[in-house]
Colleague: 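Let me give you the structure first, and then I'll get to my questions.
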Amino acid sequence: MASATSPSSSIKASASPNGTFSSNSNYSKKPNRISFASIINPNPISAKICNSNGSSGRSGSIVSSGLKVAESTGIAPLDAKDLRDPADSGPRPTILVSEKLGEAGLKVLRGFGEVECLYNLSPEELREKISSFDALIVRSGTKVTRQVFEAAKGRLKVVGRAGVGIDNVDLPAATEFGCLVVNAPTANTVAAAEHGIALLTSMARNVAQSDASMKAGKWERNKYVGVSLVGKTLAVIGFGKVGSEVARRAKGLGMHVIAHDPYAAADRARAMSVDLVSFHEAICTADFISLHMPLTPTTKNVFNEQTFSKMKKGVRIINVARGGVIDEEALVRALDSGVVAQAALDVFAEEPPSKESKLVQHHNVIVTPHLGASTKEAQEGVAIEIAEAVVGALNGELSATAVNAPMVPPEILTELAPYVVLAEKLGRLAVQLVAGGGGVQSVKVVYRSARDPDDLDTRLLRAMIIKGIIEPISSSFVNLVNADHMAKQKGLRISEERVTIDSSPESPLDSIQVNISNMDSKFASAGTEDGHISIEGQVKDGVPHLTCVGTFDVDVSLEGNVILCRQVDQPGMIGIVGNILGQHNVNVSFMSVGRTAPRKQAIMAIGVDEAPRKETLDEIGNVPAIEEFVFLDL
Ligand SMILES: NC(=O)C1=CN([C@@H]2O[C@H](COP(=O)(O)OP(=O)(O)OC[C@H]3O[C@@H](n4cnc5c(N)ncnc54)[C@H](O)[C@@H]3O)[C@@H](O)[C@H]2O)C=CC1
Ligand SMILES: O=C(O)C(=O)COP(=O)(O)O
């Protein structure tokens, strides 16, 4: 007699910290987080976003179709009235806006969820409140620290940065907690560039100082003689969106513009008649230096004692990027010594800077309180951009402005949607075939495709395989944001191989094979000669199918659950097993037999709509010709 090898029972004993097997495709058991897998799942039943109370507040109507989701992945303008299905009476997502956001963006958000605008929260207050919110929208003033993610207790699904710089958000922590971070990278570019030019021109002509002098009743025409811009060299450090717009405007003022940016394309610079130069050349030759790079560990304090000492005496510096890229004490010394003649600063290492800041008070420094993005137009634009990104993320769409998850273009997402479902199911099946359930360390995934390997973006598929492998055997939650991190944390190595085959390049993939290395299988036939557990699947008519188990070809649609039996190949086996299932009221959706040779061994793969009871499985195990079998919970 073959004994029923139920993955659930063995996993229950070994792997799950709370002692219960997480059957898991029911996402409402993991209520607090958004699941990208469920979102791209074309099956409307599992395509739900769950709310904090575990109920699925938003269901099939909006996210039921993977294709529909994929089509809307590109951020299209949203009309607030279209955002929620009026019939959807579930709790609405909650959104905390912690800094001033344009009205147009608030309108989009209010059409979708419960919005609370709580400005000027202290860090403690933010930590206290955050666990009641699904989304948080910030500007540069809110520090979204690891403690904030911890305090969110898994509820926070998305942080929207209404602007560009995300240096105030702890990205590694967000990723670990599976929280998507999105920003609004384009709507304030012009505003920041215009502010840079405003600071450049007003610094050169002492506008701020002479204004203050006149308001103090003075008339000091000789004191405020400025410098001309025409013909002077401006070095733009960071030739990205803002930097290149500053360059374009400075050229209009007749300046000679050079730029330093290790990642900028030379032809883009050339097209604007801007010379891309080394950092050294930029800082040594410039009359004016304008900063437009992000604050990162590499750029922190990149303007310091040493770099100031290399600059042309009398250089003038504009900073509309981030205060932290300048060592502010070193700048004060450079101003005192006259190496730096003037500085115009919109941003500071600490905001707001202390009232006694020597830098702010310096007579050769003009300052604005981080106003670069603060035009009416930019703020409305940023608000709409971030509101749409956050709503999209809460709807489970892959955001075009995701900062800590792959950005997958809509057309690719549409194509990959059924393969994403297949990938997760193969991961789930493979791990259930491992004897004992846990301990998986090394997984090799083979993608067969007629397309050039460079044309196949596997990040999404890999994430879903990881999700499929990890979630059934732990209480961890895995999504596209944290999949690679979770794999690393659990010591799971995933290697990928892309095999080009002679087939139609119409479909992105022919098959996906998941191999778990060096593990014994509870279903020996799933093993290969070289000691792997191996299963393979394909998408047929948009539906994922299991097509190979070990060395046996099978063909069973992966829509319900699966029973795999190895038996002596003899007449009547399908009938015998089918009968047992029928007698116990288990509906068979699919059956397929793969065999090594007639009358030798065969594998029967049976798709069943519902999980059979133990007695049913025992009865199958008692059929003399059945050598081993396993029930796999999808
Ligand atoms: N003051 C304000 O209100 C505003 C400030 N900003 C800040 O301006 C900066 C630029 O924003 P965008 O142009 O939109 O970003 P962006 O990403 O388009 O451009 C940044 C550029 O800096 C380059 N870069 C990275 N490391 C560098 C390094 N070590 N040296 C030189 N270049 C480097 C990148 O290659 C990129 O081209 C950001 O720090 C952003 O936060 C942006 C908008 C408003
Ligand atoms: O977009 C950016 O990077 C900015 O610095 C703008 O910051 P703010 O949204 O005005 O606090």
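In listed order, ligands and their atoms are each counted from 1. As the structure is a prediction and not an experimental result, all values here were calculated from the model.
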Colleague: Among protein heavy atoms, which sits nearest to atom 37 (O) of ligand 1, and what does the distance come to when rounded to 0.1 Å?
Modeller: D261 OD2, 2.6 Å

Colleague: Check if D346 has a non-hydrogen atom at a distance under 4.0 Å from any atom of ligand 1.
Modeller: yes

Colleague: So which of G163, P294, G324 gets nearest to atom 22 (O) of ligand 1, if we judge by its closest heavy atom?
Modeller: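 Residue with the shortest heavy-atom distance to the ligand atom: P294.
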
Colleague: Considering the heavy atoms of H260, write down every atom of ligand 1 situated less than 4.0 Å from one of them.
Modeller: 30 (N), 31 (C), 32 (N)

Colleague: Taking NZ, NE, NH1 and NH2 as the nitrogens, is one of them in E245 or R249 under 4.0 Å from a carboxylate oxygen of the other?
Modeller: yes

Colleague: Touching ligand 2 at all, G372? Heavy atoms, strictly under 4.0 Å?
Modeller: no

Colleague: Considering distance alone, does some N or O of R322 sit under 3.5 Å from an N or O of ligand 1?
Modeller: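 Looking only at distances, the answer is yes, because the N/O contact criterion of under 3.5 Å is met.
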
Colleague: Among all the protein's non-hydrogen atoms, which is closest to atom 31 (C) of ligand 1, and how far away is it?
Modeller: P262 CD, 3.4 Å

Colleague: Quick one: look up the protein heavy atom nearest atom 32 (N) of ligand 1 and list residue, atom name and how far away it is.
Modeller: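 Sorting protein heavy atoms by distance from atom 32 (N) of ligand 1 puts G238 CA, 3.4 Å first.
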
Colleague: Could you list which atoms of ligand 2 come closer than 4.0 Å to a heavy atom of G163?
Modeller: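 Counting from 1, the qualifying ligand atoms are 1 (O).
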
Colleague: Considering both backbone and side-chain atoms of R322, is one of its nitrogen or oxygen atoms within less than 3.5 Å of a nitrogen or oxygen in ligand 2?
Modeller: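 There is such a contact, yes.
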
Colleague: Of all heavy-atom pairs between R322 and D167, which one has the smallest distance, and what is that distance?
Modeller: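 Shortest heavy-atom separation between R322 and D167 comes out as NE-OD1, 2.9 Å.
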
Colleague: Which of the numbered atoms in ligand 2 are under 4.0 angstrom from any heavy atom belonging to A373?
Modeller: 6 (C), 10 (O)

Colleague: Which option wins on minimum heavy-atom distance to atom 6 (N) of ligand 1: T296, V246, V320, V242?
Modeller: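 Answer by nearest heavy atom: V320.
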
Colleague: For E415 and R451, run salt bridge (Lys or Arg N to Asp or Glu O under 4.0 Å): C-alpha distance rounded to whole Å, both residues' side-chain angles, the deciding distance at 0.1 Å, then the answer.
Modeller: CA-CA 13 Å; E415 268 199 326; R451 293 198 187 161; 2.6 Å; yes

Colleague: Checking a contact table here: which protein heavy atom is nearest atom 33 (C) of ligand 1, and how many Å away?
Modeller: M293 CB, 3.6 Å

Colleague: Is there a donor-acceptor contact under 3.5 Å linking the side chains of H370 and T368?
Modeller: no

Colleague: Under 3.5 Å, N or O to N or O, is E99 touching ligand 2 that way?
Modeller: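 Looking only at distances, the answer is no, because the N/O contact criterion of under 3.5 Å is not met.
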
Colleague: Nearest to atom 2 (C) of ligand 2 by heavy atom, H195, K100, R161: which?
Modeller: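 Selected option, by shortest heavy-atom distance: R161.
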
Colleague: Considering G240, G196, A192 one by one, which has a heavy atom nearer to atom 19 (O) of ligand 1 than any of the others?
Modeller: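 When every heavy atom of G240, G196, A192 is considered, G240 comes closest to atom 19 (O) of ligand 1.
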
Colleague: How about M272: does its CE atom have over 12 heavy atoms from other parts shown lying under 6.0 Å from it?
Modeller: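 Yes, CE of M272 has more than 12 neighbouring heavy atoms, counting only those of other groups under 6.0 Å.
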
Colleague: Of the choices V164, V138, T189, which has the non-hydrogen atom that lies closest to atom 1 (O) of ligand 2?
Modeller: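 The nearest heavy atom belongs to V164.
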
Colleague: When the aromatic ring centroids of F477 and F177 are compared, is their separation below 6.0 Å?
Modeller: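 F477 vs F177: aromatic centres not under 6.0 Å.
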
Colleague: Show the atoms of ligand 1 that are less than 4.0 angstrom away from any heavy atom in F239.
Modeller: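 Taking each heavy atom of F239 in turn, ligand 1 has 37 (O) under 4.0 Å.
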
Colleague: Just to confirm my output: which protein heavy-atom neighbour is closest to atom 43 (C) of ligand 1, and how far is it?
Modeller: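 Of every protein heavy atom, N188 OD1, 3.4 Å lies nearest to atom 43 (C) of ligand 1.
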
Colleague: Where the closest heavy atom to atom 17 (O) of ligand 1 is concerned, which of H292, K241, R139 has it?
Modeller: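 Closest candidate by heavy-atom distance is K241.
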
Colleague: Quick one: look at N188 and ligand 2, take heavy-atom pairs under 4.0 Å, and tell me if it's side chain, backbone, both or neither.
Modeller: side chain

Colleague: Please write down residue, atom name and distance for the protein heavy atom closest to atom 26 (N) of ligand 1.
Modeller: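 Of every protein heavy atom, Y263 CE1, 3.7 Å lies nearest to atom 26 (N) of ligand 1.
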
Colleague: When you compare ligand 1 with I237, is there at least one nitrogen or oxygen pair between them that comes in under 3.5 angstrom?
Modeller: no

